[in-house]
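Here's the structure, in structure tokens; my notes come after.
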Amino acid sequence: MAVTLDEQLLEILACPSEDHAPLRPGSPEDPEADALTCTSCGRVYPVRDGIPVLLLDEAVERAEQDPASNGD
């Protein structure tokens, strides 16, 4: 099921990390997921019972974002 949040609410919600980037509905793997994804850091925040859980401890970080994984 896709996230159904009011457009005005979605415009003011931001990632709680230091950059405070906007969020977009869905996850990178599933655009219809009950989640919000940060447009900067890529963290995925769950949406439970229509309520976004914007806690860093609850977020799923994307492994592709890890610069240490690239061994030069």
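Keep in mind that the numbers below use all heavy atoms, side chains included, and drop hydrogens, waters and symmetry copies. Throughout, numbering of the chain's residues begins at 1 and tracks the sequence.
- Contact detail for Ala35 and Val44: the closest heavy-atom pair is CB-CG1, 3.6 Å.
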Per-pair distances, 0.1 Å, donor-acceptor, side chain in residues 12-19, under 3.5 Å, sequence neighbours excluded:
residue: Ser17; atom: OG; partner: Asp19; partner atom: OD1; Å: 2.7
residue: Asp19; atom: OD2; partner: Ser40; partner atom: OG; Å: 2.6

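- The distance from the SG atom of Cys41 to the CD atom of Glu61 is 7.0 Å, given to the nearest 0.5 Å.
- The CZ atom of Arg24 lies 8.0 Å from the OG1 atom of Thr39; values are rounded to the nearest 0.5 Å.
- Side-chain contact between Thr37 and Pro28 is present, with at least one heavy-atom pair separated by less than 4.5 Å.
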Donor-acceptor list for residues 46-59 side chains, cut-off 3.5 Å, not counting sequence neighbours:
residue: Arg48; atom: NH1; partner: Glu58; partner atom: OE1; Å: 3.3
residue: Arg48; atom: NH2; partner: Glu58; partner atom: OE1; Å: 2.9

